[in-house]
Amino acid sequence: MRLLQLHSDFIEYEPIEKEIRDAEEIVPQSKVRLEDLVVAFVAVESRDDESVVKIAVDEIKKYLDMVKSSRLLIYPYAHLSSDLAPPTLAIDIIKSVESFAKDSINQVYRAPFGWTKSFNIKVKGHPLAENSREISKQEEHKHADPLHREKESSALKDEEKLQSLWYIAQPGGQMAPVHNYNFKKQDQNLQMLVDYEIAKNRAVNEQPAHVRLMKKLAIADYEPASDAGNIRYYPKGRLMKSLIEQYITRRVMEYGGIEVETPIMYDTKHPSLQSYFNRFPARQYSITSDNKQLFLRFAACFGQFLMAKDFNISYKHLPLKLYELTRYSFRREKSGELVGLRRLRAFTMPDCHAFCRNLDQAKEEFLKRFELSISVLNDLGLTIKDVEMAIRFTEDFYNENKDFMTELINRFGKPVLVETWKERFFYFTLKWEFNFIDGLGKASALSTDQIDVENGARYGIEFVEEDGTKKNPIILHNSPSGAVERIIYALLEKSAKISKEGGIASLPLWLSHTQVRIIPVSQEHIVHCEKVLAELTENQIRADIDDRDETVGKKIRESETEWVRYTIVIGDKEIHSEKLIVRDRNEGKQRETTLYQLINEVKEQTRNKPYLPLNLPLRLSSRPQIMV
RNA sequence: GCCUUGGUAGCUCAGCCUGGUAGAGCGUUACCUUGGUAAGGUAGAGGUCGGGGGUUCGAAUCCCCCCCAAGGCUCCA
């Protein structure tokens, strides 16, 4: 049975003529209008029998309670399904839904069956106003294959099963229910994560700090000509992204990740993808090509899993680690959820899957990736102090792996938020993520890893065991950093926080577009500046010359507001001596140095980080102005 | 998607309540200034007032519809 429930301000309908021979006989009536109600469109399918009635009524009742309505219209609507029951059976089932519903629902109405009806409906605007369910016979529940069962469980969403229990776990392994935990001063951000996740306390009314900064620093901006959540990146933003991408890729490859590239669009009808797609159909971009209905990937999983399925894998090859940096992954988040660089519809996601022989191997690998994630985040400029960990698992997994969980929490070294479920609903048994808490108290996941016990079978990925049998691997899903755009978001928000507390906002030196700015005192010094610039560039330091016809004071000021770390002014004094006066923005004052020392100082701080040349003209007078 | 707030020069914003035909600062252009560590001076150019419709003699201003953004609700596999 298919059920579409709409919480509506009103519906008006009018039976026009009998559509089928078996249409219900009704007393001819004119237009019917009902206000403030739930309209349940119902299609009875071929496999349905009386056993779906109770499930359907329970669903409807639950929905009415949720939207706090007590008026129901049952509206037979064949178009919801292509696999309809015979009309005589359908009308019986619909009538018993009606009579059964009357036991528990205040006002129940029903539109006639088998008639062409014109109707006019106004659906309420709130997020729960539209709700669709697929209901199958009860006895199928017990024997359904896993894919089928998942479809139903998502349809039925048994509340008991999905109910979360929340704890705070501390290094050492003690867990206390969240409401018993005494948050200390240093747990301030953890408390915000808890508020965000559980209490849903988000009463703020400000534009996020990073949105202002991404514009001010000419990193990125909205692109009105695209879809919402698709951002334009200016030269400085593109440079930052390239550097972050190169860095993460190198680290994952050093860890053993094998880089691959997979398509960004997939066939909705592909058997392995279909069940996934049906589960969250509203969140994909979908496109049509020839006769195919395709969707844009929302992660790298599909491509890598489909690829791994075609590999010939022995247990000796495991753990096998495939990696892709997806530019882009697409998620059609609801428009109201999109925020600056925090939440996008197109984002760059490093995604590394490890195919493991068994749980022991998976756990061992899991710890390696945990360390990798901490290290990557740290090099990107975000330490453990900047993030809060959430860890989510099923009760069974916890009971069987207590020591392992304690080990994870110990390695993090701070109290973490724990969410547990009685039974597994998602494809993973264990998942952790690092959440960045921004200036408005919003939490966003960065690094994450999961133990996936389901997709090996779903995608038919197999390896040959020692004894010759074929097995499905356990799959780990790790992004050591989270989305690249979100890293920039976190760095900008962190800077804003520092600046609010009276510190100096900055970006890590290796991610700064200009590392050294050279300012000539007057035009005649430009030639010498060019020599200094060449020396710096040769040493892979990004430097530029502010040769515009402005006063030195003004150029210094702009260098500061552009967050340039080192500024050197070159005039007669410098030309005739080895000494340089460098203005170090982090110290807020000048000091004497030499070019050689400055080069070493920059190289020291950017060691083991990727280098790319400045992707703007090296003379500021040749640059177009981007925003302000 | 809904609610609230907002959209005026390249950028940040004032004007809107009380209708009378467009303002500031920054940027930009030209000229002067040739400079020493956070904004040198003068003059000029630059606006379908988000889009469309309506009311009016007259609309940036009042009304309706739409688009975009922010914040909230919700969602976040």
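Sequence lines set the chain letters: A, B, ... in the order given, protein chains first and strands last, and positions in each chain run from 1.
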inquiry  = Any base atoms under 4.0 Å from A:V339, or only sugar-phosphate, or nothing? Heavy atoms, all strands.
reply    = sugar-phosphate

inquiry  = Whether A:K269 engages the ring of A:F295 as a cation-pi pair (distance to the six-membered ring centre under 6.0 angstrom, angle to the ring normal within 45°) should be assessed.
reply    = no

ask   = Taking for each residue the nucleotide of RNA chain B with the nearest heavy atom, is it A:Y222 or A:E333 whose nucleotide lies nearer the 5' end?
value = A:Y222

Please list every donor-acceptor pair under 3.5 Å in which a side-chain atom of residues 563-575 of chain A meets a protein atom from a residue at least two apart or in another chain.
residue, atom, partner, partner atom, Å
A:R565, NE, A:D584, OD1, 2.7
A:R565, NH1, A:Q605, OE1, 3.0
A:R565, NH2, A:D584, OD2, 3.4
A:Y566, OH, A:E601, OE2, 2.7
A:Y566, OH, A:Q605, NE2, 2.9
A:T567, OG1, A:S559, OG, 2.8
A:D572, OD1, A:H525, NE2, 2.9
A:E574, OE1, A:G571, N, 2.9

message = I'd like to know if A:R331 reaches the base of B:C76 with its side chain such that a donor and an acceptor end up less than 3.5 angstrom apart.
response = no

ask   = With both distances kept under 3.5 Å, what pairs with B:A24, Watson-Crick or G-U wobble?
value = B:U12

request  = State which residues pass side-chain contact (heavy atoms from CB on, under 4.5 Å) with A:E433; sequence neighbours excluded, sorted by chain then number.
outcome  = A:A390, A:R392, A:K431, A:N435, A:A445, A:T448

Identify all pairs in which a protein N or O lies below 3.5 Å from an N or O of nucleotides 35-37 of chain B, and state each distance.
residue, atom, partner, partner atom, Å
B:G35, N7, A:V521, O, 2.9
B:G35, N1, A:D549, OD1, 3.3
B:G36, O6, A:D572, N, 2.7
B:G36, O6, A:K573, N, 3.3
B:G36, N1, A:E574, OE1, 2.9
B:G36, N2, A:E574, OE1, 3.1
B:G36, N2, A:E574, OE2, 2.6
B:U37, O2', A:R583, NH1, 3.0
B:U37, O2', A:Q590, OE1, 3.0
B:U37, O2', A:Q590, NE2, 3.3

ask   = Phosphate oxygens OP1/OP2 of B:G40: is one of them under 4.0 Å from a side-chain N or O of A:K555?
value = no

ask   = What pairs with A:R331 under salt bridge (charged side-chain N to carboxylate O under 4.0 Å, His left out), at least two apart in sequence or on another chain?
value = none

ask   = Which residues pass the ring pair (Phe, Tyr, Trp, His ring centres under 6.0 Å) test with A:H513, sequence neighbours left out?
value = none

request  = Take atom CG of A:N586 and atom P of B:A38, then tell me their distance rounded to the nearest Å.
outcome  = 17 Å

task = Quick one: label A:A228 by what it contacts on the DNA or RNA (base, sugar-phosphate, nothing), any heavy atom closer than 4.0 Å.
result = sugar-phosphate

task = Please list, chain by chain and in numerical order, all residues satisfying side-chain contact (heavy atoms from CB on, under 4.5 Å) with A:E592, sequence neighbours excluded.
result = A:K579, A:I581

message = Can you list everything that forms a side-chain contact (heavy atoms from CB on, under 4.5 Å) with A:S226? Sequence neighbours excluded, please.
response = A:E223, A:N230

ask   = Quick one: salt bridge (charged side-chain N to carboxylate O under 4.0 Å, His left out) pairs with a partner in residues 475-486 of chain A, sequence neighbours left out?
value = A:K241-A:E485

What does the list of N/O pairs under 3.5 Å between the protein and nucleotides 47-52 of chain B look like, with a distance for each?
none

